Q: 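Before I ask anything, let me first share the structure, which is written out below as structure tokens.
Just so we're on the same page: letters track the sequence lines, and every chain starts at 1. These numbers were taken from a predicted model, which means no experiment stands behind them.
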Amino acid sequence: MKNKIIELTQRDTKISRRKLLGGAATAAVAIVQTAEGKNVQAALSQAQLLDDDPTKKLGTFPGKIGTRSSFEQLVKDPSETSSRSPLQDFYGIITPSDLHFERHHGGVPVIDPSKHELLIHGMVNKPMIFKVADLKRFPSVSRIAFLECSGNFRSGKETLRPQEICGLTSQSEWTGVKLSTIFREVGIKPTATWFLAEGGDAAVMTRSIPVKKGLDDVIIAYAQNGEALRPEQGYPIRLFVPGWEGNTNVKWLRRIELSDQPFMTREETSKYTEFVNGKVRQFSFDMDARSIITFPSYPQQVEKGWIEIRGIAWSGRGKVHKVEVSVDAGKSWQIANLQEPILDKAHTAFRYLWKWDGNATEIMSRVTDETGYTQPTLKQLVEARGESNGYHFNPITAWQIKPDGSVLFKPESFR
Amino acid sequence: MPSLMGILLKSLLVFPLVLGLLFSTQNYTPKQSSHFSPADTSQVPSSFGFGRLATQTEIDRIDIDVRPDGKGLPQGKGVAAKGKLIFATKCAACHGAGGIGGPNGSLVHSQVDPTKKRAEKTIGNYWPYATTVFDYIRRAMPFNAPGSLTNEEVYHLTAYLLSANQIIDSSFVVTPTTLPTVKMPAQPLFVPDDRKGGPVIK
């Protein structure tokens, strides 16, 4: 049967490709049916022959942009204020740019890069304006690092995916110019200790950041994963502040003002602060170490036997030192394998090979970073802070494995 | 023409020399937090000459921030009575009548709901600086018409919200001089994060 189709295709090489895709392919089936009779027809329908076997159908031609397979349904989970990355659908450590989480305070603006300017002023020797093209002329840097919203925690029911629980973290390779390079160009005064970063969106969002961090590793980024930033990520330029809470990574950056004190903006006073033992903790910049098992997780199904437990771990204070996995509800812990590269302030993939015996259990992971900090339980966090709400919640996440192979989140009551 | 083998051999000879130069001439210790290569910081001119100087007019056009010490406040003044009227037309739809209970959150501190462990965060019980109220309203409000209020309207609204939260008297005139003197009840609660990593859970 195969031979016949090939013969026909060879005979008709002079006809157009379009014609071949339509008319000739149908004819092939007709010939097959005539030559080989009813047996073939019964075993393999015409529809199956054409649709199920990609070797029997000419594919699409090269295109201008690639597209995700129609079999892959990767989508963010949007609300009015944010949109969460589908962590359970990812492999490796790079978040596809169109699936990077979103959080903004006045919508995504449309900005013409040829008109956009960055003003740097305040306690500087030379207040200056840089066009996007100017910024691209400076020496560039690239680094792979995570970006996480400090409000990245949800609980409350069993049917939550990693996406809902902590989908406000994503990872990209960011490219841009070091802020220290720009600071050098404008000549910041030695007495400048803080700077204000302001966005050019409808929220004109602002955050104060210590100059020390700006001189260390902050980037004015214009590219993400090899192309210009996505509009949702701050096109044409954003601040990228490695390891620090997402809100400080001001998008659509239009202004930087050097100062000798913080500006006490709305975001850093009334919003991204948290009650801790009767006080309000402010400027909690570093993202605490965290990990989550993304496979198996809700709503996936598992089968008895070998399962490779997979997940990601990260810390805003440095590299991941180790990840431990428990397959007996936290009674015992085993070291997971870390996948290279293990980068500073970056999602790091881990895996642990487990033979499931089919009995109900709970699986979970915990990370220890290079400062010696180990991801706590929710109970530890609540006890330490005397509060059960607020930002910077990074608890161990447990998944319940049911005897039927279903996987459910384990919500812990803590309010 | 040099043979391919010749080029390869030369490369092999030169490569270690280049490496040696790179690492022997610099006492560079990469910091753990930095991913930038040693060569990145060498031979950088004192100025690249990219970009242009900003004029004072260009700065003033977008320099809208206000600091707790009042730096950045424009001329103008506001009183609660006028702010109340503006609030009713431009703000109440999102923040509730009188600033209580709207879909986008209360701004005015009210009776604590006894069923909740903690009251909703409002300007009255949570915002540490009065200047932030002015800064934020002017920068981003109303949500559906951001930046549409005049400085005078922002002063009136600031006076109203502080007065409704019983932080200032209804007769208090908010000006660039008086606003920084307003003490907010929550301010003493604020402490900077002092965590530095390590085994302690805080």
Q: What part of B/Val133 lies closer than 4.5 angstrom to a heavy atom of chain A: side chain, backbone, both or neither?
A: neither
Q: Between chain B and each of A/Glu267, A/Gln261, A/Lys126, A/Lys279, count heavy-atom pairs under 4.5 Å; write down the option with the most.
A: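 Of A/Glu267, A/Gln261, A/Lys126, A/Lys279, A/Gln261 has the most heavy-atom pairs under 4.5 Å with chain B.
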Q: Sub-3.5 Å donor-acceptor pair from the side chain of A/Arg137 to the main-chain atoms of B/Phe50, do we have one?
A: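 Not at all, since once roles are kept as given, no pair shorter than 3.5 Å links the two residues.
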Q: Sort and list the pairs that fulfil side-chain hydrogen bond (donor to acceptor under 3.5 Å, both in side chains) and have at least one residue in residues 71-97 of chain B, not counting sequence neighbours.
A: A/Glu257-B/Lys71, B/Lys90-B/Glu153
Q: Is it the backbone or the side chain of B/Tyr129 that comes under 4.5 Å from a heavy atom of chain A, or both, or neither?
A: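 Side chain only.
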Q: Please name the pair of heavy atoms, one in A/Gly278 and one in B/Leu189, separated by the smallest distance, quoted to 0.1 Å.
A: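 Smallest interatomic distance, heavy atoms only, reads O-CD2, 3.5 Å.
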Q: Of the non-hydrogen atoms in B/Ile62 and A/Arg255, which two are nearest, and what is the gap between them?
A: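 What the structure gives for the nearest pair is O-NE, 3.3 Å.
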Q: So, the side chain of A/Arg385 versus the backbone of B/Lys202: is there a donor-acceptor pair under 3.5 Å, distance only?
A: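 Yes, the answer is positive, given that a donor and an acceptor are paired below the 3.5 Å cut-off.
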Q: Do the side chain of A/Arg266 and the main chain of B/Trp127 share a donor and acceptor less than 3.5 angstrom apart?
A: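 Side chain of A/Arg266 to backbone of B/Trp127, a donor-acceptor pair under 3.5 Å: no, none is there.
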Q: Where is the tightest heavy-atom contact between A/Pro127 and B/Ile59, given as atom of each residue plus distance?
A: CB-CD1, 3.8 Å
Q: Check step by step if side chain to side chain contact (heavy atoms under 4.5 Å, CB included) holds for A/Ser270 and B/Lys121.
A: CA-CA 8 Å; A/Ser270 75; B/Lys121 293 178 194 170; over 6 Å; no
Q: Go through B/Pro128, B/Gly198, B/Pro192 and name the one with the most non-hydrogen pairs under 4.5 angstrom from chain A.
A: B/Gly198
Q: Is it the backbone or the side chain of B/Ile64 that comes under 4.5 Å from a heavy atom of chain A, or both, or neither?
A: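 Answer is both: backbone and side chain atoms of B/Ile64 are under 4.5 Å from chain A.
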Q: Could you give the distance from CZ (B/Arg195) to CZ (A/Arg281), rounded to the nearest 0.5 Å?
A: 3.5 Å
Q: For the candidates B/Asp135, B/Asp65, B/Thr122, B/Ile123, which exhibits the highest count of non-hydrogen atom pairs separated by less than 4.5 Å from chain A?
A: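 Among B/Asp135, B/Asp65, B/Thr122, B/Ile123, the one with the most close pairs to chain A is B/Asp65.
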Q: Given a strict heavy-atom distance threshold of 4.5 Å, which part of A/Thr374 is in contact with chain B: side chain, backbone, both, or neither?
A: backbone
Q: Which answer fits B/Phe190, side chain, backbone, both or neither, if we ask what part of it has an atom under 4.5 Å from a heavy atom of chain A?
A: both
Q: Would you mind telling me which of B/Pro188, B/Gly72, B/Pro146 has the largest number of heavy-atom pairs within less than 4.5 Å of chain A?
A: B/Pro146
Q: Just so I understand: if I count every heavy-atom pair under 4.5 Å between each of A/His105, A/Gln380, A/Arg254, A/Met205 and chain B, which residue has the most?
A: A/Arg254
Q: Using modelled atom types only, decide if a donor and an acceptor are shared between the side chain of B/Thr132 and the backbone of A/Met264 within a distance under 3.5 Å.
A: yes
Q: Is there a side-chain contact between B/Asp193 and A/Glu274 (heavy atoms, below 4.5 Å)?
A: no
Q: Taking every non-hydrogen pair under 4.5 Å, which of A/Glu80, A/His392, A/Glu198 racks up the most with chain B?
A: A/Glu198
Q: Could you look at A/Glu117 and say if it's the side chain, the backbone, both or neither that has a heavy atom under 4.5 Å from chain B?
A: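 The answer is the side chain of A/Glu117.
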Q: Which pair of heavy atoms, one from A/Leu119 and one from B/Ala54, lies closest together, and at what distance?
A: CD1-CB, 3.5 Å
Q: Treating A/Glu185 as the side-chain partner and B/Gly49 as the backbone partner, does any N or O pair qualify as donor plus acceptor under 3.5 Å?
A: yes
Q: For the CZ atom of B/Arg67 and the CG atom of A/Leu196, what is their distance to the nearest 0.5 Å?
A: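 Between atom CZ of B/Arg67 and atom CG of A/Leu196 there are 10.5 Å.
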Q: Do you know which of B/Val66, B/Val200, B/Val191 has the most heavy-atom pairs with chain A at a distance under 4.5 angstrom?
A: B/Val191
Q: Chain B: which of A/Ile129, A/Val204, A/Asp369, A/Thr273 shares the most heavy-atom pairs with it under 4.5 Å?
A: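 Of A/Ile129, A/Val204, A/Asp369, A/Thr273, A/Ile129 has the most heavy-atom pairs under 4.5 Å with chain B.
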Q: So, do A/Thr269 and B/Tyr126 sit near enough that their side-chain heavy atoms are less than 4.5 Å apart?
A: no
Q: Return the minimal non-hydrogen interatomic distance between A/Ala203 and B/Arg139, and the atom names on each side.
A: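 Looking at all heavy atoms of both residues, the shortest contact is O-CG, 3.5 Å.
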Q: Below 4.5 Å from any heavy atom of chain B, which atoms of A/Phe138 appear? Answer side chain, backbone, both or neither.
A: both
Q: Considering non-hydrogen atoms only, spot the tightest contact between A/Pro262 and B/Pro68 and give its length.
A: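 Nearest heavy atoms, A/Pro262 then B/Pro68: O-CD, 4.0 Å.
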Q: Using a 4.5 angstrom heavy-atom cutoff, name the option from A/Thr265, A/Leu381, A/Asp288, A/Thr181 with the most pairs to chain B.
A: A/Asp288
